[in-house]
Q: 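One structure follows; several queries about it will come next.
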Amino acid sequence: MASSTALRGRRVKRQLPASPWLFAAPGLLITGAFILYPFVSTVVNSFTDRRTLIPGRFVGLANFRELLHDDMFWTGLRNSTLYVLGVVPALVVLPLLLALLVQKNIPGIAFFRSAFYTPVVASVVVVGLIWVWLLDERGLVNSLLETVGVGRVGFLSDQWLLLLSAMAVTVWKGLGYYMIIYLAALANVERELHEAAAVDGAGAVRRFLTVTVPAVRSTMVLVGALSSVAAFKVFSEVYLMAGPSGGPAGEDTTLVMLVQRTGTGLTGRVGYASALSVVVFAVTVALMLLVLRADRREES
């Protein structure tokens, strides 16, 4: 009896080292199939002239050299960069102010928290279409402007107004998401710090700058990194508001829209689109490194 118990114990010990891998296997398979393999395949295709139905041949850096002479690439890079510069500061500051407003436990505050978070769970397609209807030439906003005597504004026909409108949609939809992140960070700020600053005569603005901001600075860096990557890879908002052509003469095309336009269809240039994707990946990684480096430099 004792010998059989010892034998079962030895069998269990032999099986234990492989058990973690069995639990991790489904996640590893999904990661490999839908993340690692597409990433490696994209990098490999970027050095070929592959098309949708035609296997490519190795062309070296030809696709990347072509990028340098492609006007649409520079247009997409400009718009994606402007999108980051316009969206990120707003998504770093506004959700923090919103979190300060809904942080207090007062009657009815749960309703406002849910209302501010509703755009986050809404489909980006639905949100985009709603804003298109609002900003259309015959939409609600233009009708109100015409009523007060301002006249109709080409929110969806002017190159820069269209880009600014898409930025507004991105900020509006992301406020609630980053507000939740800030609420979690503000919950860890000691109330005694605010009380001590108030005793010293600091007003609300000064307490915000000297107590709140330093306490949530690491969270602001996180929000800045996340929003930078998301803004540079923007697609849905601009696509829905500008259309597949990318606005007037394609002047509102972003890099991800250019990837989609170039690499899809029966005659899609998969190799060239893969090179564009590699550039997008490189820039997003560079953005994250710049944000982290700026944070470390400020700490030092």
Q: Answer yes if Met257 and Leu67 sit in the same cluster of Ile, Leu, Val, Met, Phe, Trp and Tyr residues linked by side chain heavy atoms under 4.5 Å apart, and no otherwise.
A: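 Cluster IDs for Met257 and Leu67 match.
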Q: Should Leu101 and Phe112 be marked as a side chain to side chain contact (heavy atoms under 4.5 Å, CB included) after you check the CA-CA gap, both sets of side-chain angles, and the distance that decides it?
A: CA-CA 10 Å; Leu101 290 176; Phe112 290 98; over 6 Å; no
Q: So Leu94 and Val171, side chain to side chain contact (heavy atoms under 4.5 Å, CB included) or not? Walk me through it.
A: CA-CA 9 Å; Leu94 294 181; Val171 172; 4.2 Å; yes
Q: Quick one: pull up CG in Leu97 and CE in Met179 and give me the separation to the nearest 0.5 Å.
A: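 Reported value, rounded in 0.5 Å steps: 12.5 Å.
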Q: When you compare the side chain of Glu237 with that of Val127, does any pair of heavy atoms fall below 4.5 Å?
A: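 No; the side chains remain at least 4.5 Å from each other.
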Q: Which pair of non-hydrogen atoms, one from Val88 and one from Ser227, has the smallest distance, and what is that distance?
A: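 Looking at all heavy atoms of both residues, the shortest contact is CG1-OG, 3.7 Å.
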Q: To the nearest 0.5 Å, what is the distance between CG on Leu287 and CG on Leu292?
A: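 Taking CG in Leu287 and CG in Leu292, the distance rounds to 11.0 Å.
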Q: Quick one: are Thr212 and Val189 in side-chain contact, heavy atoms under 4.5 Å?
A: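 Sidechains of Val189 and Thr212: no contact.
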Q: May I ask you to decide if Gly265's main-chain N or O and Thr52's side chain share a donor-acceptor pair within less than 3.5 Å?
A: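 Present.
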Q: Counting only heavy atoms not in Arg206, do more than 12 fall under 6.0 Å of its CZ?
A: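 No, the 6.0 Å shell around CZ holds no more than 12 heavy atoms from other groups.
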Q: Does any part of the side chain of Leu276, heavy atoms only, come nearer than 4.5 Å to the side chain of Thr262, both counted from C-beta?
A: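 Yes; the side chains approach each other to less than 4.5 Å.
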Q: Could you give the distance from OG (Ser143) to CZ (Arg138), rounded to the nearest 0.5 Å?
A: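 The distance works out to 9.0 Å.
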Q: Say you draw a straight line from OG1 of Thr254 to CG of Leu82; how long is it, rounded to the nearest 0.5 Å?
A: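 Interatomic distance, Thr254 OG1 to Leu82 CG, rounded to 0.5 Å: 11.5 Å.
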Q: Would you mind reporting whether Val234 and Val256 have side-chain heavy atoms less than 4.5 Å apart?
A: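 They are not in side-chain contact.
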Q: Is it true that atom CE of Met72 has more than 12 heavy atoms of other residues, nucleotides or ligands lying nearer than 6.0 Å?
A: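 Yes - once you tally the heavy atoms of other residues, nucleotides and ligands closer than 6.0 Å, there are more than 12.
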Q: Measure from the side-chain N and O atoms of Asn63 to the backbone N and O of Ser46, and report whether any donor-acceptor pair falls under 3.5 Å.
A: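 Yes; at least one donor-acceptor contact below 3.5 Å.
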Q: Please determine which of Thr253, Asn79, Thr75 meets the side chain to side chain contact (heavy atoms under 4.5 Å, CB included) test together with Leu258.
A: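 Only one option passes, and that is Thr253.
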Q: Please determine whether residues Val283 and Val291 belong to a single hydrophobic cluster, defined as Ile, Leu, Val, Met, Phe, Trp and Tyr linked transitively by side-chain heavy-atom distances below 4.5 Å.
A: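 No, it is not one cluster - the side chains of Val283 and Val291 are not joined through contacts under 4.5 Å.
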Q: Which pair of non-hydrogen atoms, one from Gln260 and one from Thr264, has the smallest distance, and what is that distance?
A: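 Looking at all heavy atoms of both residues, the closest pair is O-OG1, 2.6 Å.
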Q: Examine Leu61 and Val280 and state if one hydrophobic cluster contains both, with Ile, Leu, Val, Met, Phe, Trp and Tyr joined whenever side-chain heavy atoms are less than 4.5 Å apart.
A: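 Same hydrophobic cluster.
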Q: Taking Lys233 for the side chain and Ser80 for the main chain, is one N or O donor matched with an acceptor at less than 3.5 Å?
A: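 Absent.
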Q: Apply side chain to side chain contact (heavy atoms under 4.5 Å, CB included) to Leu98 and Tyr182, showing your working.
A: CA-CA 9 Å; Leu98 199 61; Tyr182 278 126; over 6 Å; no
Q: State whether the side chain of Arg113 and the backbone N or O of Gln103 hold a donor-acceptor pair below 3.5 Å, judged by distance alone.
A: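 Yes: the side chain of Arg113 pairs with the backbone of Gln103.
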Q: Answer with yes or no whether the side chains of Asp70 and Tyr272 bring together a donor and an acceptor at under 3.5 Å.
A: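 Yes, side-chain donor-acceptor contact under 3.5 Å.
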Q: Centre-to-centre under 6.0 Å for Tyr177 and Tyr117, is that the case here?
A: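 No - the distance between ring centres of Tyr177 and Tyr117 does not fall below the 6.0 Å cut-off.
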Q: Going hydrophobic residue to hydrophobic residue with side-chain gaps under 4.5 angstrom, can you get from Phe47 over to Val44?
A: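 Both belong to a single hydrophobic cluster.
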Q: Is there a side-chain contact between Pro248 and Asp252, using heavy atoms and a 4.5 Å cut-off?
A: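 Yes. Closest side-chain heavy atoms under 4.5 Å.
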Q: Which value, rounded to the nearest 0.5 Å, describes the distance between Lys173 atom NZ and Thr118 atom OG1?
A: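 Reported to 0.5 Å precision, the distance equals 11.0 Å.
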Q: Determine, for Glu146 against Arg152, whether the closest basic-nitrogen to carboxylate-oxygen distance falls under 4.0 angstrom.
A: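 Salt bridge present between Glu146 and Arg152.
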Q: Are Leu91 and Leu100 grouped together when hydrophobic residues (ILVMFWY) are joined by side-chain heavy atoms under 4.5 angstrom apart?
A: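 Yes, Leu91 and Leu100 fall within the same hydrophobic cluster.
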Q: To check you understand the geometry: which heavy-atom pair defines the closest contact between Ser274 and Thr42, and what is its length?
A: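 So the two residues come closest at CB-O, 3.3 Å.
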Q: Indicate the ring-plane relationship of Phe235 and Tyr239, choosing parallel, tilted or perpendicular according to the 30° and 60° boundaries.
A: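 Parallel.
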Q: Using atom types as modelled and distance alone, determine if a side-chain donor or acceptor of Asp49 lies under 3.5 Å from a backbone N or O of Arg57.
A: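 Confirmed, Asp49 side chain pairs with Arg57 backbone.
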Q: Are any non-hydrogen side-chain atoms of Val102 and Phe116 less than 4.5 angstrom apart?
A: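 The answer is yes, as the side chains (C-beta and beyond) meet within the 4.5 Å cut-off.
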Q: Measure from the side-chain N and O atoms of Trp74 to the backbone N and O of Leu68, and report whether any donor-acceptor pair falls under 3.5 Å.
A: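 Yes.
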Q: Step by step, work out the side chain to side chain contact (heavy atoms under 4.5 Å, CB included) result for Asn142 and Leu145.
A: CA-CA 5 Å; Asn142 272 314; Leu145 291 176; 4.1 Å; yes
Q: Which heavy atom of Ala90 sits nearest a heavy atom of Gly86, and at what distance?
A: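 Taking Ala90 first and Gly86 second, the nearest heavy atoms are CB-O, 4.2 Å.
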Q: Counting C-beta onward and ignoring hydrogens, is there a side-chain heavy-atom pair between Met220 and Val213 closer than 4.5 Å?
A: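 In short, these two side chains touch, coming nearer than 4.5 Å.
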Q: Search all heavy atoms of Val211 against all heavy atoms of Ala197 and return the closest pair with its distance.
A: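 Closest heavy-atom pair between Val211 and Ala197: CG2-CB, 4.1 Å.
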Q: For atom CG of Leu266, decide whether the heavy atoms of other residues, nucleotides or ligands shown that lie under 6.0 angstrom number more than 12.
A: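 Atom CG in Leu266 is not packed in, count stays at 12 or less.
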Q: Roughly how far, to the nearest 0.5 Å, is the CD1 atom of Ile30 from the CG atom of Leu36?
A: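 Leu36 CG to Ile30 CD1: 12.5 Å, rounded to 0.5 Å.
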Q: Where is the tightest heavy-atom contact between Leu162 and Gly247, given as atom of each residue plus distance?
A: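 Minimum heavy-atom separation between Leu162 and Gly247: CD1-CA, 4.5 Å.
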Q: Is any side-chain heavy atom of Phe155 less than 4.5 Å from a side-chain heavy atom of Val141?
A: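 Heavy-atom side-chain distance check passes, below 4.5 Å.
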Q: Short question: side chain of Arg293, backbone of Met288 - any donor-acceptor pair under 3.5 Å?
A: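 Between the backbone of Met288 and the side chain of Arg293 there is no qualifying donor-acceptor contact (under 3.5 Å).
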